[in-house]
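Below is one structure; the comments refer to it alone.
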Amino acid sequence: MPKLNFNHPDRLLPAEPGVRKIARNLYETVRDLPIISPHGHTDPEWFARNERFPDAVDLLIKPDHYVFRMLYSQGIPMESLGVPTADGTPVETDARKIWRTFADHYYLFAGTPSRIWMDHVFNSVLGLDEPLTPDTADAYFDHINDRLAAPEFRPRALFERFNIELLATTESPLDELEHHCAIRESGWNGRVITTYRPDPVVDPEFEGFADNVARFGELADEDTTTWQGYLAAHRERRAFFRQFGATATDHGHPSAATADLDRNACEALFAKALGERCSPQEAELFRAQMLTEMAAMSVEDGMVMQIHPGSFRNHNPNVFERFGRDKGADIPVQTEYVRALKPLLNRFGNEAGLEIILFTLDETSYSRELATLAGHYPCLRLGPPWWFHDSPEGMMRFREQVTETAGFCNTAGFNDDTRAFLSIPARHDVARRVDCAFLARMVAEHRIGRDEAEAIAVDLNYKLAKKAYKL
Ligand SMILES: [Zn+2]
């Protein structure tokens, strides 16, 4: 039996015994469904090479910005966690020492989703049955490394054990997809697909934008010094990504702004962007125009658009200079959708076959803007709670704020959006438990029947993701 409060079998289910019983029964019907992971950031090289994961630190700490942002916030230098520096200056390399630092501060994660994910990984995936504390740190480190050396802990074996039916990774158009190619040629039947994420060639403020666009032209064999050639390169690379299973594109813009400029204005703006002469407002306008161009291409080729706006990236310039991007220094900003999406929706909002999945880091937009938009426009779906809100509380707030207007079927199921491969089952499990808790309350209040709730639970945790991502 698990220790009290360590990966407890009833975790996250409602506290009231009658509702808990309904939720438990619902959870039983979805607990073992296959995992559909249509949006995430795992490394395709793991599945291409199928080599063992190096050690506990490399796998569980170094790639997880949730972990080191919390530790950093409490004054623990990222160097001491082995996070590599941009300029190659030395950082801690003793993995056992890094693991002890993590264990000493594991108490910081109480009440956060990281704690739930980690405990699930430790217990259900790695077979540890004591909580992680400073006293168990060494035993944990040795046990995990021992497990990682076993053949059943290679990436492909774990993929199969996790019952993953499909996993999408995310690549830049500058990626040649060699790992996806290797996966395909290996004959392994795990379904790993890519996603087209064009930010490096769509955002004039992205590091190295002009060089990126030049390289983009080479890869696509198009003249990307002209607006028409640049658009043709997108069509070409999107088709290339589709050969490796891509059904979706992904757009991580600072805002949800869209635009619908005439051709002359587009050409002039593109020339400025290439010359790196854009003001911040012009860079924003270019990104806005590109969302509408991407929608136009999606109408042609059927790829689903995902829009992930509202993150102020690299808020801490010292951390950015020393460690680069994705180091836990991205902070949400207020995000407006109703006016921002209007130029795109004016052109394509009623287009049959177009599908756009909207995400937010601004929960105040859920009931006012997102649920109402998705509850009207046939092309819009709502993505699951994202990033900081990918927590039991965030998931419950999402259901409470959008269901009344958008129902269940205008949502796109769950996606884990993670770099932390071992946590994928944990993240889906949290979503399944919270959805069952939400549905159980509706059953207890006689708003929906039990059979109906069971069918909805399967939709939310399996069918809607397949439908939304055209899988
Ligand atoms: Zn993502």
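Whatever order the structure lists ligands and atoms in, that order sets their numbers, starting from 1.
Residue contact annotation: His41 places an N/O/S atom under 2.8 Å from the Zn ion (ligand 1). The Zn ion (ligand 1) has no N, O or S atom of Asp250 closer than 2.8 Å.
When the side chain to side chain donor-acceptor pair (under 3.5 Å) test is applied to Tyr230, the partners found at least two apart in sequence or on another chain are His234. The side chain to side chain donor-acceptor pair (under 3.5 Å) check on His120 picks up Arg11, with sequence neighbours excluded.
Asp417 has its closest N, O or S atom to the Zn ion (ligand 1) at the position named OD1.
Classification of Lys470 and Glu355 as a salt-bridged pair fails, no side-chain N sitting under 4.0 Å from a carboxylate O.
Between Tyr140 and Trp99, the ring planes lie parallel to each other; the angle is under 30°, not in the 30° to 60° tilted range.
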